[in-house]
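Report on the following structure.
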Number of protein chains: 2
Amino acid sequence: MKKSDRSVTIKDIAREAGVSISTVSFAFNGTAPVAPETKERIFEVIKRLNYQPNSAARGLVTRRTNNICLFTPQPASGFFSFAGNSVFTHLLQGIGEILDQKDYNLLISWDNLGHKAKTPKLIKLMRERAMDGLLICLPSHDSSVIEELLEHRFPVVIIGSNGLKNQVNSVDVDNYDIAFRNVQHMLALGHTRIAFISPGPLEYLVCEDRLEGYRDALEEAGIRYRDEYLFIGDEHEGSGYRATDAFLSLKEPPTAIVSGRDTQAVGVCEYAKAHGLSIPDDLALISFENSELAEKYGISSVTTDLYEIGKEGARLLYKLLTRKKERSAQNIVIPSELIIRSSCGGANQNINHSRR
Amino acid sequence: MKKSDRSVTIKDIAREAGVSISTVSFAFNGTAPVAPETKERIFEVIKRLNYQPNSAARGLVTRRTNNICLFTPQPASGFFSFAGNSVFTHLLQGIGEILDQKDYNLLISWDNLGHKAKTPKLIKLMRERAMDGLLICLPSHDSSVIEELLEHRFPVVIIGSNGLKNQVNSVDVDNYDIAFRNVQHMLALGHTRIAFISPGPLEYLVCEDRLEGYRDALEEAGIRYRDEYLFIGDEHEGSGYRATDAFLSLKEPPTAIVSGRDTQAVGVCEYAKAHGLSIPDDLALISFENSELAEKYGISSVTTDLYEIGKEGARLLYKLLTRKKERSAQNIVIPSELIIRSSCGGANQNINHSRR
DNA sequence: CTGAAAGCGCTTACAG
DNA sequence: CTGAAAGCGCTTACAG
């Protein structure tokens with residue numbers, strides 16, 4: 001008996017099949033022609049001995065690990081993963097599906113929401129060559145890490161907004177456009193006093209983009225932007241509730257609310273219920289995300305297809321990894337769709353948000 | 001200028017510092033005494049050149065990758081990740097925290113909920129030596145893959161229930177015990193007609209364990225188990241709603257429901273609301289998980305601390321990885337706590353679920 | 001305390 | 001079509 005603790009190596013196969021290790025390698029990888037009979041013999045042995053090339057040894061010479069790393073805010077952090085939302089899991093699902101079919105493994109790593117973190121972790125992983133490419137989703141402005149990666153020409157795709165548009169590959173929905181159209185929808189329904197709840201602090205680019213879309217749509221319609229119609233919310237229902245309370249205590253309360261995310265919209269609904277207000281009659285409501293909550297509460301909401309975003313991100317990264325020549329950065333926009341429900345009082349039709 | 005595309009290797013450091021590569025290795029890893037001055041010189045160069053050992057090269061000789069793999073059902077699969085529940089992300093958070101501090105990377109991989117899948121993926125990863133250890137969470141009975149891993153003495157920790165208790169290390173809450181005590185709680189409140197909603201199909205061991213705890217508690221109280229008091233639910237609210245409907249159409253409807261998960265309990269609440277029933281007066285309710293939903297709806301629920309489960313799982317795996325001598329399998333039980341809210345009509349006190 | 005050398009398990013020119 | 005050999009970048013006995 002052989003020592004059973006050692007894994008089977010290419011040498012074992014070569015010896016057992018009576019060929020050289022190069023031939024085994026050529027046969028296994030199909031990287032050079034091998035006589036049919038030899039090939040057959042080799043594969044018989046490979047199957048019998050359950051041979052699988054050692055990834056470290058292989059990686060050492062090929063300089064590839066077949067590992068992709070997804071770098072995110074902490075999975076349980078408020079902004080990204082919260083009740084009623086499965087943002088994170090859908091993203092993972094999309095990424096995983098593509099990587100799986102391309103035979104890449106998924107590493108996952110995170111820091112403290114992007115800001116303060118020194119983030120040497122990512123740089124360390126790059127220097128160690130522990131991964132071949134990187135999918136980053138950091139909603140904040142801080143892009144020093146990303147810049148360092150780019151300097152080293154490390155393959156990177158950004159999921160979501162980033163401050164380096166045109167310099168780095170990215171995939172996202174068009175947050176600006178969605179906000180713009182949501183406001184337009186309300187305008188079309190006759191509203192002029194339209195408030196906005198930011199999905200989170202304005203340091204996050206998603207939030208900034210949505211706010212900007214909101215402002216520009218108002219401006220285009222010749223409607224003055226008012227500070228008191230902006231509420232900086234967070235990922236909790238409560239922020240939608242408080243926003244509504246704040247809005248409705250104004251001398252000139254808004255008649256419509258553009259909510260930055262579905263959980264907030266639920267808060268708006270809860271406020272309305274608690275105060276005997278009708279949505280959409282007393283207050284029209286439209287939101288972002290189109291999560292299960294939007295459906296449950298009958299809230300009109302624009303889809304943010306994170307599954308699709310994940311898939312496209314992984315595909316783009318794979319392209320970077322396999323293409324020889326460098327290409328200029330690509331910014332992929334995943335289309336969104338406005339799902340109209342009872343909350344905004346509009347006709348019951350869906351509107352495609354095309355790329356602007 | 002040097003070619004900037006090549007990463008800096010141990011040779012570069014050795015040359016620049018005027019020592020041999022062994023000395024650099026000794027200094028960097030602290031694996032043999034090195035003269036203070038030499039050490040200082042070496043680290044100066046390391047810092048200046050941003051040296052980080054190539055992980056493949058290192059792994060090839062040490063036979064370690066510093067990668068741990070988390071194997072789960074698909075992240076977006078119904079049972080594990082659904083609206084109102086952040087099971088998956090909390091688990092990730094706990095695991096990641098420990099791995100981070102032990103300097104391990106997290107690989108993540110999944111199959112189609114454990115059943116049918118041929119799962120060569122996991123075996124392949126093991127044979128390639130792409131990971132040092134494995135955290136598996138597969139709620140189903142199928143343990144052939146796990147058995148194969150164990151045969152190879154591959155370090156494995158199971159998250160959750162498994163059919164191989166005592167043969168394999170695991171971490172979980174005590175589902176049987178929680179169900180048992182939930183029923184006891186209802187019994188103590190005077191209920192005798194107590195129904196149970198299974199959190200999912202009985203092929204899942206969690207479900208089986210909870211059902212068994214339910215049955216045994218009834219039996220101990222001398223109460224006959226009735227088939228019509230069992231409803232096999234799923235991860236959606238709707239199943240709780242339908243269960244309630246089914247229960248209340250019986251000639252002898254239950255007066256209390258033990259719900260298998262919080263989403264279902266919400267369904268029970270929605271049914272009650274829709275039919276003008278009071279919880280707990282017309283129907284008492286107690287659940288599992290204690291998610292944000294339980295709080296929002298005032299549902300008494302027992303905590304399932306997946307963050308803690310993740311941490312303990314990672315810690316246990318780390319022990320397996322660093323301990324020389326093999327030890328018999330450990331089954332860690334994470335304590336749960338019953339959080340009493342208005343839904344069961346009990347006194348407003350929390351009860352510790354100790355290990356049975 | 002330090003260096004020369006072997007070797008981890010592969011891939012890949014290079015001969016033949 | 002096949003094999004002998006170099007080499008990927010480290011760690012680790014082994015001398016000294």
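Below, read A as the first sequence line, B as the second, and so on, with proteins coming before strands; counting in each chain starts at 1. In this text the structure is predicted, and so the values were computed from the model without any measurement.
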Next item on the list: Mind running a 4.0 Å heavy-atom check of residues 35-47 of chain A against DNA chain D and sending the residues that fall below it, in number order?
Entry: A/Ala35, A/Thr38
Next item on the list: Not counting sequence neighbours, list each pair that qualifies as a side chain to side chain donor-acceptor pair (under 3.5 Å) and has a residue in residues 33-47 of chain A.
Entry: A/Glu44-A/Arg48
Checklist line | side chain to side chain donor-acceptor pair (under 3.5 Å) pairs, two or more places apart, involving residues 306-322 of chain B | finding: B/Glu97-B/Tyr307, B/Tyr307-B/Lys311, B/Glu312-B/Arg315
Notebook entry, point to check: Of B/Ile42, B/Ile21, B/Val34, B/Val19, which meets side-chain contact (heavy atoms from CB on, under 4.5 Å) against B/Phe26?
Noted result: B/Val34
Item checked: Member of A/Ile98, A/Leu99, A/Leu135 meeting the side-chain contact (heavy atoms from CB on, under 4.5 Å) criterion with A/Leu106 -> A/Leu99
Item checked: Donor-acceptor contact present, side-chain A/Asn169 to main-chain A/Gln330, <3.5 Å -> yes
Checklist line | Heavy-atom closest pair, residues B/Thr72 and B/Trp110 | finding: O-CB, 2.7 Å
Next item on the list: Would you please say whether a donor-acceptor pair under 3.5 Å links the side chains of A/Thr23 and A/Ser20?
Entry: yes
Note to self: Within the 3.5 Å criterion, strictly below it, is a donor on B/Arg129 or A/Ser55 matched to an acceptor on the partner's side chain?
What the structure shows: no
Next item on the list: Would you grab the first and last nucleotide of DNA chain C (5' to 3') that comes under 4.0 Å of any non-hydrogen atom in chain A?
Entry: C/dG9 to C/dA13
Checklist line | Heavy-atom check, side chain of B/Leu125 versus side chain of B/Phe71, under 4.5 Å | finding: no
Margin query: What I'd like to find out is whether the side chain of A/Ile136 reaches to under 4.5 Å of the side chain of A/Val145, using heavy atoms alone.
Written below: no
Just to be sure I understand the rule, does [X] reach a base, reach only the sugar-phosphate, or reach nothing, if contact means heavy atoms closer than 4.0 Å?
X: B/Phe28; result: nothing
X: A/Pro33; result: base
X: B/Thr9; result: sugar-phosphate
X: B/Ser25; result: base

Next item on the list: Could you walk me through whether A/Val168 and A/Leu150 pass the side-chain contact (heavy atoms from CB on, under 4.5 Å) test, one step at a time?
Entry: CA-CA 8 Å; A/Val168 52; A/Leu150 292 180; 4.0 Å; yes
Next item on the list: Quick one: stems involving DNA chain C, counted as three or more successive Watson-Crick or G-U pairs, both distances short of 3.5 Å.
Entry: C:1-3 with D:14-16, C:5-12 with D:5-12, C:14-16 with D:1-3
Next item on the list: Applying side-chain hydrogen bond (donor to acceptor under 3.5 Å, both in side chains) between A/Arg58 and each of A/Thr65, A/Asn66, A/Asn29, report the one that passes.
Entry: A/Asn29
Next item on the list: Go through the steps for B/Lys121 and A/Asp100 under the test salt bridge (Lys or Arg N to Asp or Glu O under 4.0 Å), then give the verdict.
Entry: CA-CA 9 Å; B/Lys121 202 171 163 187; A/Asp100 211 42; 2.6 Å; yes
Checklist line | Strand contacts (DNA chain C) in residues 54-61 of chain B, 4.0 angstrom heavy-atom criterion | finding: B/Leu60, B/Val61
